[in-house]
Amino acid sequence: MIATCYGGRNRKCAEAFAKEGKTWEQLEDELLGGQKLQGPSTCISLHAAMTARGLTGDFPLFETIYAISTGARPASDIVDQAHTYY
């Protein structure tokens with residue numbers, strides 16, 4: 001968990017996503033040399049499952065992460081979300 005949060009490819013690309021505004025596909029091509037991210041696709045799949053079960057309102061932090069990862073909200077919203085709930 002610590003390695004993933006501080007040095008994994010999902011973290012590396014998430015930082016670039018927030019700073020550069022490129023798509024996940026662009027970042028995979030530029031930063032990963034053929035490797036693929038698991039984070040964005042997992043986030044989309046989990047959101048679909050949560051939506052189908054009516055659970056999205058129970059997980060506001062995840063909802064913010066999903067909205068940011070799909071480009072619906074700016075990355076800076078994660079700070080506001082953390083201050084609101086934690």
Side-chain angles (χ1 to χ4, degrees):
M1 178 83 155
I2 291 172
T4 296
C5 291
Y6 288 103
R9 62 181 172 247
N10 285 303
R11 191 229 36 98
K12 179 180 182 179
C13 289
E15 182 178 343
F17 179 81
K19 289 180 178 178
E20 301 173 21
K22 295 179 180 178
T23 67
W24 294 114
E25 292 79 13
Q26 289 172 314
L27 294 170
E28 285 175 336
D29 289 343
E30 293 174 12
L31 300 176
L32 300 182
Q35 292 183 332
K36 295 293 182 185
L37 292 169
Q38 292 81 38
S41 61
T42 300
C43 187
I44 290 168
S45 297
L46 180 57
H47 187 267
M50 289 171 57
T51 299
R53 290 166 181 79
L55 297 173
T56 55
D58 295 335
F59 299 92
L61 180 58
F62 177 77
E63 281 298 296
T64 300
I65 292 167
Y66 172 76
I68 291 168
S69 70
T70 59
R73 291 175 66 177
S76 59
D77 280 4
I78 196 71
V79 175
D80 295 334
Q81 183 70 29
H83 286 250
T84 299
Y85 289 95
Y86 306 101

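Keep in mind the model is a prediction, meaning the values are calculated, not measured. Every heavy atom of this structure was used, including side-chain atoms; hydrogens, water molecules and symmetry mates were not.
Applying the side chain to side chain donor-acceptor pair (under 3.5 Å) rule to Asp29 yields no partners; only residues at least two apart in sequence or on another chain are considered. Scored by the side chain to side chain contact (heavy atoms under 4.5 Å, CB included) test, Ala48 finds no partners at all (sequence neighbours excluded). Every side chain to side chain contact (heavy atoms under 4.5 Å, CB included) that Ala18 has, sequence neighbours left out, goes to Ala75. Taking the side chain to side chain donor-acceptor pair (under 3.5 Å) definition, one finds that Lys12 meets it with nothing, sequence neighbours left out. Remark: Gln38 engages Arg9 in a side chain to side chain donor-acceptor pair (under 3.5 Å) (not counting sequence neighbours). With sequence neighbours excluded, no residue forms a salt bridge (charged side-chain N to carboxylate O under 4.0 Å, His left out) with Glu25.
Applying the salt bridge (Lys or Arg N to Asp or Glu O under 4.0 Å) definition to pairs two or more places apart or across chains, those involving residues 31-51 are Glu28-Lys36. Within the structure, salt bridge (Lys or Arg N to Asp or Glu O under 4.0 Å) contacts touching residues 37-66 (residues at least two apart or in different chains) do not occur. Sorted by first and then second residue, the ring pair (Phe, Tyr, Trp, His ring centres under 6.0 Å) pairs involving residues 23-56 (not counting sequence neighbours) are Phe17-Trp24, His47-Tyr66. Sorted by first and then second residue, the ring pair (Phe, Tyr, Trp, His ring centres under 6.0 Å) pairs with a member in residues 25-46 form an empty list; sequence neighbours excluded.
To the nearest 0.5 Å, atom CG of residue Leu27 and atom SG of residue Cys13 are 5.5 Å apart. Rounded to the nearest 0.5 angstrom, Leu31 CG and Glu15 CD are separated by 10.0 Å. The CD1 atom of Ile65 sits 4.0 Å away from atom CG of Leu61, with the distance rounded to the nearest 0.5 Å.
Asp77 places a side-chain heavy atom less than 4.5 Å from the side chain of Pro74. Counting heavy atoms from C-beta outward, Pro40 and Thr70 have side chains that stay 4.5 Å or more apart.
Ser41 and Leu37 get closest at one heavy-atom pair: OG-O, 4.2 Å.
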Inset, instruction - In sequence, state the C-alpha distance, the side-chain angles, and the governing distance for Gln26 and Glu20, and then conclude on side-chain contact (heavy atoms from CB on, under 4.5 Å). - result: CA-CA 11 Å; Gln26 289 172 314; Glu20 301 173 21; over 6 Å; no
